[in-house]
Amino acid sequence: MPELPDVEVFKRYFDATCLDQTIDRVEVKEERLLENTSPQRMRKAPVGKEFESTQRHGKNLFAKLDSNLWLLLHFGMSGFLKYYNNPDEAPDHPRIIFHFSSGYKLAYDNMRMFGKISLLDDVDAYLQDQELGPDALSLGQEDFKEMLSQKRGMIKSALMDQTFIAGLGNIYVDELLFQAGIHPKSQASTLDKETVENLYNNMNAVLQTAINYNVNVDQFPENYLIHRRTLNSACPVCGGKIRKSRVSSRSTYFCENHQQKY
DNA sequence: AGTACCACCTGACGGC
DNA sequence: TGCCGTCAGGTGGTAC
């Protein structure tokens, strides 16, 4: 379930391993994941080049090959990166593999095949084309308030909408609503000022905490919902019952006691 | 514009 | 043991 924190950790992993190495060969193992890019071009265009830097926006990772050539990776539900040399360390479902002249390889693994691999000439144009909202971690509090006040519909739907805010998915939206004490079906525009500020602060805190722990969920604070995504488990904050329902066709866990409906 | 539902895809898991 | 239905969840499309 790669959401913003996961992709940020992938970015740091990519930066620490793959930059400034000549690409010898590109192995496209699953052509269905390519979008707006032919397999032939994907295999050819990066060869002889190096990844110079990376950029993340929401759940999208962009790696620069040239001023007008970028690799886009979207991880869907089950995607991740693996940098390795020894074939024993190869992941189970590699969909594309970049071979470096050092002998090391970068594999994009994605069991469930939701996801996207593409070559772009302009990142900003792509973000506009996709109508992606501002990245959740670089959004200021005033803008957040203003946007929410004008958003109709349920707060969970709003936060999951990538064209509204980019980066949040099902797990983290549940978590930050839980931390902020807001019922997921609350109407976005009816939250009062204090509640929205609290939500904003929790959004940043939860995302930052997840990144700081390298998305190692076991190390997340004990009062996080993520450890209790089970029907009728005890709320780690107030002892209430954790309930499950569906919001925006997604499994939604929340505390029936301390998450208030607005 | 918001919502509801389906499809895509694969593996895990529970029931029988 | 093994078959079957269900679930997980990011995104995109469609119908209301």
Side-chain angles (χ1 to χ4, degrees), chain A residues 1-11 28-37 56-62 72-82 90-96 107-118 120 126-133 135-136 146-178 183-191 206-207 210 215 217 225-233 242-254 261-262:
Chain A
M1 34 109 208
E3 304 182 29
L4 188 154
D6 308 80
V7 180
E8 178 61 27
V9 170
F10 296 158
K11 170 178 160 52
V28 177
K29 299 177 78 78
E30 182 46 77
E31 300 183 354
R32 282 178 293 174
L33 282 168
L34 297 179
E35 192 173 274
N36 295 325
T37 306
R56 182 192 58 73
H57 189 101
K59 303 172 187 174
N60 299 281
L61 181 60
F62 305 92
L72 159 68
L73 298 175
H74 188 287
F75 297 90
M77 253 189 66
S78 54
F80 65 93
L81 299 175
K82 175 74 179 179
D92 293 335
H93 317 278
R95 305 308 187 188
I96 188 166
Y108 164 97
D109 188 289
N110 198 338
M111 181 187 81
R112 275 184 189 156
M113 304 269 291
F114 297 153
K116 194 190 292 183
I117 303 168
S118 188
L120 314 170
Y126 179 77
L127 298 179
Q128 277 199 11
D129 185 60
Q130 296 285 299
E131 300 178 320
L132 284 176
D135 184 79
E146 172 66 14
M147 286 164 59
L148 270 191
S149 70
Q150 295 183 25
K151 182 76 174 170
R152 283 180 293 174
M154 295 179 285
I155 184 66
K156 174 160 180 174
S157 310
L159 295 172
M160 296 241 316
D161 179 356
Q162 301 300 297
T163 68
F164 185 64
I165 295 174
L168 303 173
N170 197 41
I171 301 286
Y172 285 96
V173 166
D174 276 8
E175 187 66 55
L176 57 96
L177 290 174
F178 175 84
H183 192 289
K185 288 188 175 175
S186 300
Q187 289 296 303
S189 60
T190 63
L191 303 180
V206 166
L207 294 175
V215 206
V217 172
L225 173 68
I226 200 164
H227 306 300
R228 316 287 174 92
R229 291 180 68 82
T230 315
L231 181 59
N232 292 334
S233 56
I242 300 300
R243 292 294 187 195
K244 179 183 183 183
S245 69
R246 286 188 91 74
V247 181
S248 308
S249 316
R250 299 249 91 85
S251 294
T252 300
Y253 293 88
F254 63 99
K261 193 153 180 182
Y262 291 85

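The structure displayed is predicted, hence computed values, not measured ones. Protein chains get the first letters and strands the later ones, always in sequence-line order, with residue 1 at the start of each.
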Pairwise 5' ranking along DNA chain C for A/Lys116 and A/Arg112, keeping only the more 5' one: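 That would be A/Arg112.
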Mapping A/Phe114 and A/Glu35 onto DNA chain C by nearest heavy atom, which one lands closer to the 5' end?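 It is A/Phe114 whose nearest nucleotide is closer to the 5' end.
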Which of these nucleotides, [options], is closest to any side-chain atom of [X]?
{"X": "A/Met111", "options": "B/dG11, B/dC8, B/dC5", "value": "B/dG11"}
{"X": "A/Tyr253", "options": "B/dG11, C/dG10, C/dA8", "value": "C/dA8"}
{"X": "A/Gln162", "options": "C/dT11, C/dA8, C/dG10", "value": "C/dT11"}

So what does A/Glu30 touch, heavy atoms closer than 4.0 Å: a base, only the sugar-phosphate, or nothing?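 Counting heavy atoms under 4.0 Å across all strands, no contact is made by A/Glu30.
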Identify whether any heavy atom of A/Arg152 sits under 4.0 Å from a base atom; if not, whether one sits that close to sugar-phosphate; answer base, sugar-phosphate or nothing.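 Sugar-phosphate only.
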Compare side-chain N and O positions of [X] against OP1 and OP2 of [N] and report whether any pair is under 4.0 Å apart.
{"X": "A/Arg246", "N": "C/dA8", "answer": "yes"}
{"X": "A/Arg32", "N": "B/dC9", "answer": "yes"}
{"X": "A/Ser251", "N": "C/dA8", "answer": "yes"}
{"X": "A/Lys151", "N": "B/dA1", "answer": "no"}
{"X": "A/Lys244", "N": "C/dC7", "answer": "no"}
{"X": "A/Gln130", "N": "C/dG12", "answer": "yes"}
{"X": "A/His74", "N": "C/dG10", "answer": "no"}

From [atom1] of [X] over to [atom2] of [N], roughly how many Å is that when rounded to an integer?
{"X": "A/Gln187", "N": "B/dG2", "atom1": "CD", "atom2": "P", "result": "10 Å"}
{"X": "A/Leu33", "N": "B/dC9", "atom1": "CG", "atom2": "P", "result": "10 Å"}
{"X": "A/Met113", "N": "C/dT11", "atom1": "CE", "atom2": "P", "result": "17 Å"}
{"X": "A/Lys185", "N": "B/dT3", "atom1": "NZ", "atom2": "P", "result": "11 Å"}
{"X": "A/Asn36", "N": "C/dG12", "atom1": "CG", "atom2": "C1'", "result": "14 Å"}
{"X": "A/Asp109", "N": "B/dC9", "atom1": "CG", "atom2": "C1'", "result": "14 Å"}
{"X": "A/Ile171", "N": "C/dA8", "atom1": "CD1", "atom2": "C1'", "result": "9 Å"}
{"X": "A/Asn110", "N": "B/dC9", "atom1": "CG", "atom2": "C1'", "result": "9 Å"}

Return the orientation label for the A/Phe62 and A/Tyr126 ring planes: parallel under 30°, perpendicular over 60°, tilted otherwise.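 Ring orientation, 0 to 90° scale: perpendicular.
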Using only heavy-atom distances, determine whether the side chains of A/Asn36 and A/Ser118 contain a donor-acceptor pair under 3.5 Å.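 Checked: A/Asn36/A/Ser118 side chains show no N/O donor-acceptor pair below 3.5 Å.
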Side-chain H-bond candidate by donor/acceptor type, A/Asn60 with A/Lys116, under 3.5 Å: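 Checked: A/Asn60/A/Lys116 side chains show no N/O donor-acceptor pair below 3.5 Å.
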A/Ser233 side-chain N/O to A/Arg228 backbone N/O, donor-acceptor pair under 3.5 Å: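 Side chain of A/Ser233 to backbone of A/Arg228, a donor-acceptor pair under 3.5 Å: yes, one is there.
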Go nucleotide by nucleotide along DNA chain B from the 5' end; which of A/Arg250 and A/Asp161 gets its closest nucleotide reached first?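 Taking each residue's closest nucleotide, the earlier one in sequence belongs to A/Asp161.
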When the ring centroid of A/Tyr108 is compared with that of A/Phe75, is the distance short of 6.0 Å?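 Here the rings of A/Phe75 and A/Tyr108 have centres that are less than 6.0 Å from each other.
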Identify the heavy atoms of A/Pro184 and A/Thr252 that sit nearest to each other, and give their distance.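 Nearest heavy atoms, A/Pro184 then A/Thr252: CG-CG2, 3.7 Å.
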